[in-house]
Amino acid sequence: MKLTFKKAVLLVMLCWAGMKLYERHQAENVIDWSVIPNRTAEEINQEELLAFLPVWSDYVQHNIGDASLENDLPPQAEKWLLRRKWRPKRFFYVEQRLRVILKTLEQHQNSQQMISSLEQQLAALRARQTESGQYDPQAVSLASSIENLLREQQARLNVEKVSPQELSLVAPLQPVVREALELKPERNGNG
């Protein structure tokens with residue numbers, strides 16, 4: 001096979017085109033760290049929440065990596081997150097923080113119901129004792145027990161130290177956030 005001028009020019013053009021395609025591919029896969037927020041605040045905000053939900057859904061639905069395993073995150077999953085403007089450490093922090101906020105909201109609802117019930121019982125007990133006008137050691141003991149239960153319930157209200165802003169941010173979106181965090185990955189094939 002004889003290398004003619006036309007074949008040599010064609011070969012050089014193909015090499016040049018291949019190099020340009022490779023350079024373009026490399027440029028597309030370069031992570032621009034300057035556009036990836038480096039959030040370190042303990043609290044999450046609305047912008048971060050709204051940016052997180054669709055990326056988390058995609059992450060889980062498309063089996064990008066094992067959910068919640070930041071430490072064992074494969075390099076391709078880390079790049080996937082970075083291309084979506086999420087630093088993996090923050091991404092998984094937000095996921096865990098949202099789980100804590102949901103748990104706290106649920107505890108608030110349950111505790112508030114319990115506190116309301118205990119307060120009603122205590123008020124009724126005190127009213128009966130006032131009406132009878134007599135000292136009843138059982139009623140006093142029961143009232144003391146109810147007061148202790150009330151203090152325990154109030155102490156449990158914010159064990160996780162979630163800010164009121166975070167609670168008010170997530171509360172109206174509770175079903176959406178819960179659904180996003182509970183997504184199951186799609187099965188490949190006929191599963």
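Note that these values count all heavy atoms, side chains included, but never hydrogens, waters or copies made by symmetry. For the single chain, residues carry numbers from 1 onward in sequence order.
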I'd like to know if E47 pairs up with R39 as an ion pair, taking the criterion as any Lys NZ or Arg NE/NH1/NH2 lying under 4.0 Å from an Asp or Glu carboxylate oxygen. yes
Take atom CD of E42 as the centre, draw a 6.0 Å sphere, and report whether it contains more than 12 heavy atoms from other residues, nucleotides or ligands. no
In terms of relative ring orientation, are F91 and F52 parallel, tilted or perpendicular, with 30° and 60° separating the classes? tilted
Inspect the contact between R97 and E166 and indicate whether a charged nitrogen and a carboxylate oxygen are less than 4.0 angstrom apart. yes
For the CG atom of L122 and the CD1 atom of I115, what is their distance to the nearest 0.5 Å? 12.5 Å
Expected output: side-chain R99 to main-chain L181 donor-acceptor under 3.5 Å: yes
Atom pair CH2 (W86) and OH (Y93), whose distance is rounded to the nearest 0.5 Å: 11.5 Å
P54 versus A51, closest heavy-atom pair with distance: CD-O, 3.7 Å
Would you compute the distance between atom NZ of K89 and atom OG1 of T40 and round it to the nearest 0.5 angstrom? 10.0 Å
Do R87 and L81 come close enough that some side-chain heavy atom pair is under 4.5 Å? no
What is the minimum heavy-atom distance between H108 and L167, and which atoms define it? CE1-CD1, 3.9 Å
Mind checking the CD-CG spacing from E78 to L73? Nearest 0.5 Å is all I need. 6.0 Å
Indicate, with yes or no, if Y135 and L142 share a hydrophobic cluster defined by side-chain heavy-atom contacts under 4.5 Å among Ile, Leu, Val, Met, Phe, Trp and Tyr. no
In this structure, OG of S163 is separated from CD1 of I101 (nearest 0.5 Å) by 7.0 Å
Which of these, L173, V177, L169, sits in a side-chain contact (heavy atoms from CB on, under 4.5 Å) with L98? V177
Can you tell me if CD on Q165 sees more than 12 non-hydrogen neighbours from other groups inside 6.0 Å? yes
Output yes when a side-chain donor or acceptor of W56 lies under 3.5 Å from a complementary backbone atom of E95, and no otherwise. no
Which distance, rounded to the nearest 0.5 Å, do you find between the CZ of R128 and the OG1 of T130? 11.0 Å
Donor-acceptor side-chain pairing of S117 and Q113 below 3.5 angstrom: no
Is the closest side-chain heavy-atom distance between R90 and I44 below 4.5 Å? yes
In the structure I gave you, are the side-chain heavy atoms of W80 and V55 within less than 4.5 Å of one another anywhere? yes
Hydrophobic cluster membership, L125 vs V140, 4.5 Å side-chain cutoff: no
Can any side-chain N or O of S116 pair as donor or acceptor with the backbone N or O of Q112 at less than 3.5 Å? no
Closest non-hydrogen contact found for E43 with E48 is O-OE1, 4.2 Å
Would you confirm whether S141, through its side chain, and P137, through its main-chain N or O, come within 3.5 Å as a donor-acceptor pair? no
